[in-house]
Amino acid sequence: MLERSFDAESINAVINHPAIRPFVGFAEAGELDASPLIRPENLFPFGEHGGFALLWTAPYTAEVHTFILPECRGRWACLAAEAGIAMARARGFALLWTKIPPDAPHVLAFATGMGMKPTGEAIEEDGKLHAICAMSIGDN
């Protein structure tokens, strides 16, 4: 279902898809390029309908970014998240976390449905407070 991708062109095509790009990064940044993030410490589990960026932020810890095409949000996305979590665990990550904007209750529902829990913390980004959710996936 998902494989570790090193293909910046395929990853960029999904990230810059019109149904995904407006919700990723700052609008004024224009088209995004994941090439500089494709490094050994980061993991891009991707499949036919999108995937995830797991960006190293501290030992055994990755920040998760989700990029799933609209037609596959639902069952495929949940199976993909389970596969991505398994890949992260196999890679040695023990903690996954993400930032969720206040105007995205569907993202919060997906994250918590996959096992993340709100930490009670928030971080300001693009003028909005984003809730932090995290989950333990290993024992490192």
Side-chain angles (χ1 to χ4, degrees):
M1 163 172 264
L2 298 182
E3 294 182 1
R4 184 173 188 180
S5 180
F6 298 91
D7 182 358
E9 187 175 327
S10 295
I11 293 167
N12 289 337
V14 173
I15 291 172
N16 290 296
H17 185 281
I20 293 175
R21 174 62 185 101
F23 309 102
V24 178
F26 301 105
E28 61 274 4
E31 190 166 295
L32 298 178
D33 180 12
S35 299
L37 299 173
I38 300 173
R39 300 190 308 242
E41 66 270 22
N42 296 329
L43 182 64
F44 285 84
F46 260 73
E48 181 180 4
H49 308 293
F52 307 92
L54 284 77
L55 307 179
W56 185 98
T57 56
Y60 312 109
T61 305
E63 178 182 2
V64 179
H65 297 269
T66 302
F67 312 108
I68 305 292
L69 296 172
E71 60 271 19
C72 294
R73 296 174 185 164
R75 179 157 171 69
W76 188 91
C78 291
L79 293 172
E82 290 171 359
I85 291 166
M87 290 175 73
R89 187 179 294 115
R91 159 66 177 69
F93 289 122
L95 180 73
L96 301 178
W97 69 278
T98 194
K99 299 177 281 196
I100 300 177
D103 53 355
H106 60 290
V107 176
L108 179 61
F110 179 66
T112 57
M114 297 315 303
M116 289 200 165
K117 294 179 173 42
T119 66
E121 300 166 290
I123 186 168
E124 189 276 325
E125 188 171 283
D126 198 22
K128 300 183 236 175
L129 278 180
H130 288 55
I132 304 296
C133 289
M135 68 188 298
S136 175
I137 63 165
D139 53 345
N140 289 347

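Counting begins at 1 with the first residue of the sequence.
- Counting heavy atoms from C-beta outward, Pro118 and Thr112 have side chains that approach closer than 4.5 Å.
- Put simply, CZ on Phe93 and CD on Glu63 are 11.5 Å apart, with the number rounded to the nearest 0.5 Å.
- In this structure, the side chain of His49 does not engage the main chain of Gly47 through any donor-acceptor pair within 3.5 Å.
- Here the side chain of Thr98 pairs no donor or acceptor atom with the backbone of Cys133 at under 3.5 angstrom.
- The distance from the CD atom of Glu82 to the CE atom of Met1 is 9.0 Å, given to the nearest 0.5 Å.
- Scanning both residues, Leu2 and Gly50, for their nearest heavy atoms gives CD2-O, 3.9 Å.
- Under a cut-off of 6.0 angstrom, the local environment of CD in Glu48 is sparse, with at most 12 non-hydrogen atoms contributed by other residues, nucleotides or ligands.
- Residues Ile20 and Arg73 approach most closely at CG1-NH2, 3.7 Å, considering heavy atoms.
- Taking the side chain as every heavy atom from C-beta outward, Leu96 and Ile85 approach each other to under 4.5 Å.
- At a cut-off of 3.5 Å, with distance as the only test, no side-chain donor of Thr119 or Trp97 sits close to an acceptor on the other residue.
- Residues Phe6 and Leu32 share a hydrophobic cluster, clusters being chains of Ile/Leu/Val/Met/Phe/Trp/Tyr side chains in contact below 4.5 Å.
- Relative ring orientation between Phe110 and Phe52 is described as parallel, the plane-to-plane angle staying below 30° on a 0-90° scale split at 30° and 60°.
- The two residues Pro45 and Leu54 come nearest to each other via the heavy atoms CD-CD1, 3.5 Å.
- In this structure, Ile11 is a member of the same hydrophobic cluster as Leu55, with clusters built from ILVMFWY side-chain heavy atoms closer than 4.5 Å.
- Scanning all heavy atoms of the two residues, the minimum distance from Ala81 to Met114 falls at CB-CE, 3.6 Å.
- Rounding to the nearest 0.5 Å places CD1 of Ile38 at 7.0 Å from CG of Asn12.
- Atom CD1 of Ile100 sits about 5.0 Å away from atom CG of Leu108, to the nearest 0.5 Å.
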Task: side chain to side chain contact (heavy atoms under 4.5 Å, CB included) assessment of Ile123 paired with Ile132 - done: CA-CA 7 Å; Ile123 186 168; Ile132 304 296; 3.7 Å; yes
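- Expressed to the nearest 0.5 Å, how far CZ of Arg91 lies from CH2 of Trp56 amounts to 10.0 Å.
- Side chains of Phe46 and Val14 form a contact here, defined as non-hydrogen atoms less than 4.5 Å apart.
- Once rounded to the nearest 0.5 Å, the distance linking OG1 of Thr61 with CD1 of Ile137 reads 9.5 Å.
- The pair Arg21-Glu31 does not count as a salt bridge, with every side-chain nitrogen at least 4.0 angstrom from each carboxylate oxygen.
- For Glu9, the CD atom counts as loosely surrounded, since its 6.0 Å shell holds 12 or fewer non-hydrogen atoms of other residues, nucleotides or ligands.
- Placement of Trp76 and Met87 within a single hydrophobic cluster is found when ILVMFWY residues are connected by side-chain heavy-atom separations under 4.5 Å, directly or transitively.
- By the 30° and 60° cut-offs, the orientation of the rings of His65 relative to Phe67 is parallel.
- Contact of the Lys117 side chain with the Met135 side chain is not registered, since no non-hydrogen atoms from C-beta on lie closer than 4.5 Å.
- Of all non-hydrogen atoms in Lys99 and His130, the two that sit nearest each other are CB-CB, 4.0 Å.
- There is no side-chain donor-acceptor pair under 3.5 Å between Ser5 and Asp7.
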